[in-house]
Amino acid sequence: MSPDLDAAPGIVALVVVSVATLAIGTYGLRFSRTTSDFMVASRTVRPRMNASAISGEYLSAASFLGVAGLLLTFGADMLWYPVGWTAGYLVLLTLVAAPLRRSGAYTLPDFAEARLDSQTVRRACSLLVVAIGWLYLLPQFQGAGITLASAVGGPTWLGSLVVGTVVLVNVISGGMRSITLVQAFQYWLKLTALLVPAAVLLVVWAGDGRPGADPAAVHAGATRSLSWSSPLAESGSMGLYLTYSLIVATFLGTMGLPHVVVRFYTNPDGRAARRTTLVVLVLIGVFYMVPPVYGALGRVYAAELAASGRSDVLVLELPRLMLPGLGGDLLTGLVVGGAFAAFLSTSSGLAIAVAGVLSQDVTGRPYAGRRLGGVAAFRVGAVLAVVVPAVVSLSESQVGVATTVGLAFAVSASTFCPLLLLGIWWRGLTATGALAGLAAGGLGSGLAALLTLFPGWADGWVEILLRRPAAWSVPLSFLVMVVVSRATRRTAPLHVRRFMVRLHTPEAVDLDRG
């Protein structure tokens with residue numbers, strides 16, 4: 001088959017997904033009028049719709065493509081990644097979702113200011129939201145370029161341009177209302193795009209008679225025999241530390257991701273927020289059952305991808321390797337469409353979260369005696385939220401996708417996780433304590449992870465501690481917040497008792513009566 005025909009399924013899939021995304025997004029424009037519509041969909045999103053949207057934005061290309069590639073190379077040990085990503089919603093369900101919705105905030109900085117009565121804490125949280133959001137957006141744009149180059153042979157910059165344009169049009173057109181419809185649609189598209197080819201390929205494998213993977217043909221790293229307690233271990237206690245630090249980052253980092261947290265402000269009440277989280281656990285759990293199928297089949301049919309360092313394209317190339325001809329082309333088009341939907345949905349959620357913060361704390365501020373209106377400020381914020389990481393993704397120096405995603409989770413776990421848990425469940429938290437903890441956790445995790453971008457200057461335990469900082473940076477942030485808050489207990493805001501009652505009292509109880 002000619003190269004042009006090989007690229008045809010991918011091109012068709014990209015066009016269909018982009019057009020469908022734009023069509024659904026612009027449809028939401030008819031319902032979006034107020035600032036509340038753009039930022040939190042006027043808090044009217046029902047649990048099942050919201051759960052589909054959260055799952056759609058949370059399951060990025062790292063989930064769609066990366067998990068299968070990791071399983072191909074390293075085997076079942078890599079299942080700790082989806083386990084941690086999924087289990088993080090248990091913490092959200094039990095400790096955060098309902099109180100956060102009852103706070104009445106629009107964004108994480110809103111919550112921090114309302115809880116601690118401090119503009120300084122608000123500004124620190126705004127900076128962190130933008131930093132984490134941009135860190136997470138960067139690999140989405142980079143991955144889109146890589147996928148486009150692999151699927152249709154186009155230049156890498158084209159993927160960033162297409163994703164950035166589609167996301168920006170949708171976010172500017174209808175804000176959260178539009179994106180909710182888009183992301184709910186994209187979750188089911190991604191699930192279908194993985195599940196249908198997996199079912200077909202399993203039938204092909206069953207009829208092929210191949211017994212399983214030849215260990216000699218698979219990358220050496222995939223054949224290690226490891227005990228259950230050190231699933232990612234290269235050797236001894238160092239590997240054990242890497243494993244549990246990864247689990248801490250993925251388990252606790254989820255609650256601080258700005259595009260995840262902002263979704264809970266769109267529920268009508270706290271009960272709906274809890275129901276949403278419960279449905280999200282089911283939807284994400286179902287999705288993560290499918291990538292291991294590709295990883296297992298890849299060990300039988302595509303071991304050379306691991307050996308050549310191209311395991312990240314396993315999902316895109318496996319259908320044609322197992323099913324040559326028209327059937328393989330159709331399945332390839334389906335998975336390419338799903339991968340592109342993953343970039344679009346995650347990028348849309350991040351753009352909304354970052355734009356909301358920028359519109360309140362940057363673009364909505366008065367300049368030269370003039371102040372932008374709420375919706376206008378949001379749209380300007382959306383442009384900044386998308387354009388900055390898109391431009392960075394086009395640079396010659398490409399930071400690894402796994403590195404930036406891991407950094408975002410580590411920083412989130414080390415900053416917003418302590419702030420949310422202590423802010424919701426401990427009335428002793430003060431503004432000074434929160435600032436000190438945010439600085440300790442944010443600088444510790446951020447600088448440590450950034451230093452790993454310059455390999456060769458550290459080795460042994462120093463390198464291990466910097467590569468996975470969450471195991472020490474998260475406890476450090478908690479400890480600093482508690483110690484400094486106790487030392488400054490006299491500065492606790494006067495309204496803290498009433499605010500805590502508001503967080504933990506169901507909406508059905510009228511606090512103003514009696």
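Numbering of residues begins at 1 and proceeds along the displayed sequence. In this text the structure is predicted, and so the values were computed from the model without any measurement.
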Atom pair [atom1] ([X]) and [atom2] ([Y]), whose distance is rounded to the nearest 0.5 Å:
X	Y	atom1	atom2	answer
R102	R502	CZ	CZ	11.0 Å
R46	R275	CZ	CZ	9.0 Å
T86	I284	OG1	CD1	5.5 Å
L278	T94	CG	OG1	11.5 Å
E57	Q183	CD	CD	4.5 Å
I132	L127	CD1	CG	9.5 Å

Identify the heavy atoms of [X] and [Y] that sit nearest to each other, and give their distance.
X	Y	value
A339	L65	CB-CD2, 4.2 Å
A470	V248	O-CG1, 3.9 Å
L358	A385	CD1-N, 4.2 Å
P389	L138	O-CD1, 3.7 Å
L135	A408	CB-CB, 4.3 Å
A249	A413	O-CB, 4.0 Å

Side chains of [X] and [Y] in contact at under 4.5 Å (non-hydrogen atoms):
X	Y	value
I352	F378	yes
L419	C125	yes
L420	L100	yes
F416	V411	no
T332	L316	no
Y294	L194	yes
F141	L137	yes
L257	F409	yes

>> Which label fits Y187 and F287: parallel for a plane angle under 30°, tilted from 30 to 60°, or perpendicular past 60°?
In response: tilted
> In this structure, which one of Y58, W85, Y89 forms a side chain to side chain donor-acceptor pair (under 3.5 Å) with T254?
Replying inline: Y58
>> Between L201 and L331, is the side-chain contact (heavy atoms from CB on, under 4.5 Å) condition met? List the steps.
In response: CA-CA 9 Å; L201 297 180; L331 295 181; 4.2 Å; yes
Flag for [Y]-[X]: side-chain donor and acceptor within less than 3.5 Å:
X	Y	answer
T21	Q186	yes
S347	Y136	no
K190	S63	no
W188	S52	yes

> Would M255 and V260 count as a side-chain contact (heavy atoms from CB on, under 4.5 Å) if you check the C-alpha gap in whole Å, the side-chain angles of each, and the deciding distance to 0.1 Å?
Replying inline: CA-CA 7 Å; M255 77 173 66; V260 171; over 6 Å; no
Look only at the side chain of [X] and the backbone of [Y], and say whether a donor-acceptor pair between them is shorter than 3.5 Å.
X	Y	answer
S412	G253	yes
R122	E113	no
W157	G145	no
S345	A342	yes

>> Checking L95 against I424 for the side-chain contact (heavy atoms from CB on, under 4.5 Å) test, could you report, in this order, the C-alpha distance in whole Å, the side-chain angles of both residues, the deciding distance, and whether it holds?
In response: CA-CA 8 Å; L95 299 177; I424 290 173; over 6 Å; no
>> Just checking F64 against F343, ring centres under 6.0 Å apart?
In response: no
> Does the pair I11 and V336 meet the rule for a side-chain contact (heavy atoms from CB on, under 4.5 Å), with working shown?
Replying inline: CA-CA 9 Å; I11 294 174; V336 168; over 6 Å; no
